[in-house]
Amino acid sequence: MQSALETSVRVRFAPSPTGYPHLGNIRTALFNCLFARHHGGKFILRIEDTDTARKVEGATEAILEGLQWLGLNWDEGPYFQSQRLPVYHEIIETLLETGHAYSCYCSPQRLEAMRQEQAKRKQPPKYDRRCRDLTQQERTSFETAGIARVVRFRTPLEGETTFCDLIHGPVTFKHDTLDDFVLLKSDGYPTYHLANVVDDHLMAISHVLRADEWLSSVPRHVLLYQALNWQPPQFAHLPMILGPDRAKLSKRHGATTITEYRRQGYLPAAMINFLALLGWSLDDRTELLSIEELMEHFSLERVGKTPAIFNRDKLEWMNGVYLRRLGHDEFVEEAMPFLDRDLPDSVGRPLDRAFVSRVLSLIQERAKTLGEVPELARFFFLSELQYDAGLLLSGKLDAQSAIGALTVAAQRLEEAATWDAAALEGILRPLATDLSFSTGKFFGLLRVAVTGCTAAPPLFQTMAVLGKEKCLKRLDTAVQMLSTDSN
RNA sequence: GGCGCAUUCGUCUAGAGGCCUAGGACACCUCCCUCUCAAGGAGGAGAUCACGGGUUCGAAUCCCGUAUGCGCUACCA
């Protein structure tokens with residue numbers, strides 16, 4: 001059963017294309033999307049591109065791509081604020097007419113000097129309201145002199161504004177701590193405060209879910225809604241996501257943009273699950289939830305208030321869980337592009353899908369990200385292995401006995417009629433005893449010879465996939481390496 | 001400097017006055033499984049619930065201070 005209010009839920013994700021979308025932005029998008037879906041409402045995408053100076057090329061595309069990749073599909077938009085300038089200008093006229101706003105002709109230089117002076121005197125930096133009560137005559141003379149203007153909000157000098165945040169509860173700000181903030185910049189673009197309020201109203205946004213850093217802007221927004229005679233939406237300020245050093249997430253923290261996680265081989269479902277748990281929880285034990293389950297259970301009441309430090313280890317673990325849960329064919333499908341991209345050029349393309357499939361069945365439970373699949377699977381594809389001969393002796397072996405063991409193994413293997421894991425084990429396990437080698441020592445030696453690594457998937461399965469020819473060749477190479485090495 | 005918000009294991013978190021000698025997860029350690037790795041299983045260590053005062057028979061939970069952190073304080077969002 002849904003109430004009328006629930007069906008009218010409309011939320012928006014309103015990023016600004018001044019940078020690539022990082023985890024914090026995406027988490028905000030996620031919570032908005034989950035909230036909308038949970039209540040059967042609409043999820044709207046709005047691009048807040050009102051800062052022409054800081055606009056980053058390609059950022060908008062990255063935002064759209066990131067959301068699509070994660071399956072955070074929006075119902076309306078994207079709307080672009082840069083295409084709605086006339087709308088804001090009209091509102092500005094109204095505000096000017098009703099006296100809630102005024103034109104300001106102060107130069108950026110004067111403002112800067114003023115702020116420095118205030119800082120020096122340990123005064124709160126605030127606009128000194130020089131233009132707040134200009135006469136019509138004064139304004140006209142500034143205009144005719146061609147001096148650029150901004151439009152500022154005429155903030156009430158006294159009183160206070162209280163609003164009830166859905167996550168934080170009631171919050172109060174005194175008006176005398178606010179200043180006359182800018183609504184319209186001299187380039188004709190609105191500031192965030194204006195555009196945000198105007199659009200939220202015109203787009204009938206019912207709930208504003210955004211990061212905590214906006215909390216102290218709410219009184220300005222509420223005052224604007226009142227000046228315009230509009231009903232403000234409900235506000236919910238989400239805890240922020242911090243880097244390991246407790247600072248705001250930035251490039252300094254390694255991968256931060258969502259596209260980078262995609263590139264490194266994280267699964268959308270894992271990203272969603274992980275992000276959802278940064279600031280929200282279902283109960284005291286559930287960690288793994290599908291997007292459908294999240295939509296079903298998400299609620300603002302269970303959103304925390306404390307900022308979260310993003311823990312990459314846990315993301316990796318979770319991604320590994322999702323990787324292992326994939327069906328074999330799905331895993332092959334997902335991993336294929338990564339192999340294509342990262343396997344050495346010397347490996348011929350296109351890759352043989354049947355072979356890749358066999359290889360990946362041994363890799364799937366060992367990878368935490370798709371990005372590490374090529375590295376884990378590398379030795380299956382190379383024609384020549386490159387490793388330090390000393391690795392062959394890592395089981396505390398001397399070169400002679402290693403050469404001996406390798407040679408006998410090669411002989412027995414040569415005679416093998418069938419080449420599958422069971423047959424190989426049938427040959428090699430008894431041979432260890434014959435050689436009076438511990439299985440650990442013997443299989444370890446063979447492993448290095450065959451893979452070039454001390455850690456790899458189980459030996460017999462690995463050899464089975466590798467094939468007889470390659471295995472024998474590698475055994476032979478190992479013997480040669482040890483022979484020349486000991487001379 | 002002003003204003004605002006926050007404060008439970010290293011990290012993510014459970015906890016809405018007695019169920020808490022504070023639960024779960026990641027990471028870490030030990031053991032089991034085992035040809036290595038991974039996965040899995042069983043244990044362990046890890047939080048005087050920031051600190052100090054109240055309120056109460058009883059507080060991680062309510063109130064007040066203090067400290068610390070973060071955010072805002074732009075013609076940035």
Side-chain angles (χ1 to χ4, degrees), chain A residues 14-19 48-51 53-54 104 106-108 111-112 115 118-119 121-127 148-152 165 168 171-174 176-179 181-187 189 191-193 195-196 211-219 237 239-240 242 244 246-248 274 277-288 301-302 304-318 320-321 324 362-368 376 394-395 425 428-429 432 438-448 451 453-460:
Chain A
S16 138
T18 50
E48 309 224 321
D49 53 351
T50 55
D51 187 342
R54 291 200 314 152
C104 166
C106 295
S107 71
L111 262 17
E112 180 54 30
R115 255 181 247 115
Q118 287 165 336
R121 278 184 300 186
K122 306 229 178 204
Q123 297 288 310
K126 280 199 322 196
Y127 176 55
R149 64 142 198 198
V150 300
V151 175
R152 287 180 184 274
D165 187 273
H168 292 277
V171 182
T172 301
F173 288 84
K174 290 193 172 61
D176 61 15
T177 64
L178 268 29
D179 73 350
F181 57 98
V182 174
L183 297 170
L184 188 72
K185 300 183 258 186
S186 58
D187 64 2
Y189 279 75
T191 59
Y192 171 83
H193 302 301
N196 165 263
D212 251 347
E213 53 189 323
W214 293 108
L215 190 62
S216 22
S217 295
V218 178
H237 288 86
M240 304 220 291
L242 275 22
R246 297 195 164 275
K248 227 171 168 176
F274 177 76
L277 259 22
L278 245 36
W280 177 87
S281 63
L282 175 62
D283 54 30
D284 62 341
R285 54 194 65 255
T286 311
E287 303 279 343
L288 269 12
E301 289 87 74
R302 296 207 58 87
K305 300 177 182 181
T306 61
I309 295 171
F310 152 68
N311 178 193
R312 206 196 172 95
D313 279 338
K314 188 158 179 175
L315 204 215
E316 281 205 354
W317 162 76
M318 195 172 274
V321 172
R324 273 175 256 124
L362 297 179
I363 299 302
Q364 182 165 3
E365 71 171 65
R366 293 177 168 74
K368 285 198 165 67
L376 290 170
S394 51
E425 181 161 14
L428 295 172
R429 198 175 282 280
S438 71
T439 51
K441 233 183 207 185
F442 185 48
F443 297 160
L445 171 65
L446 292 172
R447 174 173 298 105
V448 173
T451 69
C453 315
T454 52
L459 183 62
F460 313 123

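Order of the sequence lines sets the chain letters (A, B, ...), proteins ahead of strands, with each chain counted from 1. Predicted, not measured: the structure shown is a model, and the values here were computed from it.
- Rounding to whole angstrom units, CG of residue A/D284 and C1' of B/U8 are separated by 14 Å.
- Out of B/U7, B/A77, B/G2, the shortest distance to the side chain of A/Y192 is found at B/A77.
- Nucleic acid contact class of A/P457 (heavy atoms, under 4.0 Å, all strands): base.
- At a cut-off of 3.5 Å, with distance as the only test, no side-chain donor of A/H237 or A/D212 sits close to an acceptor on the other residue.
- Of the C1' atoms belonging to B/G52 and B/U68, the separation is 14 Å, rounded to the nearest Å.
- The residue A/T286 sits apart from the nucleic acid: no heavy atom pair falls under 4.0 Å.
- Of the possible donor and acceptor atoms, one in the side chain of A/Q118 sits under 3.5 Å from a partner among the backbone N and O of A/K126.
- Considering A/S217, A/P219, A/S216 in turn, A/P219 is the only one that fulfils the side-chain contact (heavy atoms from CB on, under 4.5 Å) rule with A/L178.
- Between A/H193 and B/A77, a side-chain N or O to OP1/OP2 separation shorter than 4.0 Å is absent.
- Note on A/R149: nothing from the nucleic acid sits closer than 4.0 angstrom, heavy atoms only.
- The separation of B/C62 from B/C49, taken at their C1' atoms, amounts to 15 Å, rounded to a whole angstrom.
- Across B/G44 and B/A27, the matching C1' atoms stand 14 Å from one another, rounded to whole Å.
- Of all nucleotides listed (B/A74, B/C75, B/G4), B/A74 comes nearest to the side chain of A/P125.
- Residue A/L459 is classed as a base contact, given a heavy-atom separation below 4.0 Å to a base.
- Aromatic rings from A/W214 and A/Y192 are positioned such that their centres are separated by under 6.0 Å.
- Using a 4.0 Å heavy-atom criterion, one finds that A/F442 contacts no nucleic acid atom at all.
- Rounded to an integer number of Å, the gap from CG of A/L183 to P of B/A74 is 14 Å.
- A straight line from CG of A/D283 to C1' of B/A14 spans 8 Å, rounded to a whole angstrom.
- Each of B/C12, B/G40, B/C35 was ranked by its minimum atom distance to the side chain of A/R324; first place goes to B/G40.
- Checking A/G279 against A/D179, the closest nucleotide of RNA chain B that is more toward the 5' end is the one next to A/G279.
- Remark: A/R366 is not in phosphate contact with B/A39, judged by side-chain N or O atoms under 4.0 Å from OP1 or OP2.
- Between the side chain of A/Q118 and the base of B/G1, no donor-acceptor pair of N or O atoms lies under 3.5 Å.
- Minimum atom distance to the side chain of A/S216 is reached by B/C72, of the listed B/C5, B/C72, B/U36.
- Distances shorter than 4.0 Å separate some side-chain N or O of A/T50 from OP1 or OP2 on B/A77.
- Contact annotation for A/K122: backbone-only contact, meaning every heavy-atom pair under 4.0 Å involves sugar-phosphate atoms and none involves a base.
- The nearest pair of heavy atoms linking A/G279 to A/P239 is CA-CG, 4.4 Å.
- Here, B/C72 and B/A14 have their P atoms 25 Å apart, quoted to the whole Å.
- Between A/K174 and the phosphate of B/G4, there is no side-chain N or O to OP1/OP2 separation shorter than 4.0 Å.
- Using a 4.0 Å cut-off, some side-chain N or O of A/S281 falls inside it from OP1 or OP2 of B/A14.
- The phosphate of B/A6 has OP1 or OP2 within less than 4.0 Å of a side-chain N or O from A/K305.
- Atoms CG and CE, from A/N311 and A/M318 in turn, are 10.0 Å apart once rounded to the nearest 0.5 Å.
- Checking A/K126 against A/T454, the closest nucleotide of RNA chain B that is more toward the 5' end is the one next to A/T454.
- Atom CD of A/E287 and atom CZ of A/F274 lie 10.5 Å apart (nearest 0.5 Å).
- Among the protein residues, A/A308 comes within range of the sugar-phosphate backbone only, with heavy atoms under 4.0 Å from sugar or phosphate atoms but none that close to a base.
- Going from the P atom of B/U61 to that of B/U21 covers 14 Å, rounded to whole Å.
- Here A/F460 and A/F443 bring their ring centres to under 6.0 angstrom of each other.
- In this structure, A/H237 places its NE2 atom 12 Å from P of B/C5, rounding to the nearest Å.
- Between the CZ atom of A/R285 and the P atom of B/A14 there is a distance of 13 Å, given to the nearest Å.
- Atom name C1', nucleotides B/G24 and B/G46: the rounded distance is 14 Å, in whole Å.
- Counting only distance, with no hydrogens or angles, the side chain of A/R115 and the backbone of A/P125 share no donor-acceptor pair below 3.5 Å.
- Counting any heavy atom pair closer than 4.0 Å across all strands shown, A/P307 reaches sugar-phosphate atoms only and no base atom.
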Between the protein and nucleotides 27-29 of chain B, list the N/O to N/O atom pairs that are separated by less than 3.5 angstrom.
none

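- A/R447 has no side-chain polar atom (N or O) that falls below the 4.0 Å cut-off from OP1 or OP2 of B/C37.
- Nucleic acid contact class of A/G304 (heavy atoms, under 4.0 Å, all strands): none.
- Below the 3.5 angstrom threshold, one finds a donor paired with an acceptor across the side chain of A/S186 and the base of B/C75.
- In the set B/C75, B/C37, B/C72, B/C75 carries the atom at the smallest distance from any side-chain atom of A/K185.
- Remark: side-chain polar atoms of A/R152 are not paired, donor with acceptor, to backbone N or O of A/C104 under 3.5 angstrom.
- A donor-acceptor contact shorter than 3.5 Å is absent between the side chain of A/T286 and the backbone of A/D283.
- Distances were taken from every side-chain heavy atom of A/D51 (C-beta onward) to each of B/C76, B/A74, B/C35; the shortest belongs to B/C76.
- Rounded to a whole Å, the CG atom of A/L242 is 12 Å from the P atom of B/U11.
- Using a 4.0 Å heavy-atom cutoff across all strands shown, A/M240 reaches sugar-phosphate atoms only and no base atom.
- With distances taken from any side-chain atom of A/S217 to the nucleotides B/A77, B/U11, B/C35, the minimum falls on B/A77.
- Within the 4.0 angstrom heavy-atom criterion, base atoms lie near A/V150.
- In this structure, the CD atom of A/E213 is 8 Å from the C1' atom of B/A77, given to the nearest Å.
- The listed nucleotides are B/U7, B/C37, B/A74; the one nearest the side chain of A/A455 is B/C37.
- Look at the P atom in both B/A59 and B/G17: the space between them is 14 Å, to the nearest Å.
- Of the C1' atoms belonging to B/U30 and B/G69, the separation is 36 Å, rounded to the nearest Å.
- Side-chain proximity of A/F443 to B/C35, B/A39, B/C3: nearest is B/C35.
- Within 4.0 Å (heavy atoms only), A/E287 reaches at least one base atom of the nucleic acid.
- OP1 and OP2 of B/G10 both lie 4.0 Å or more from every side-chain N or O belonging to A/R246.
- Taking atom CD of A/E316 as the reference point, atom P of B/A39 lies 11 Å away to the nearest angstrom.
- With A/K185 contributing its side chain and A/R149 its backbone, the two residues share no donor-acceptor pair below 3.5 Å.
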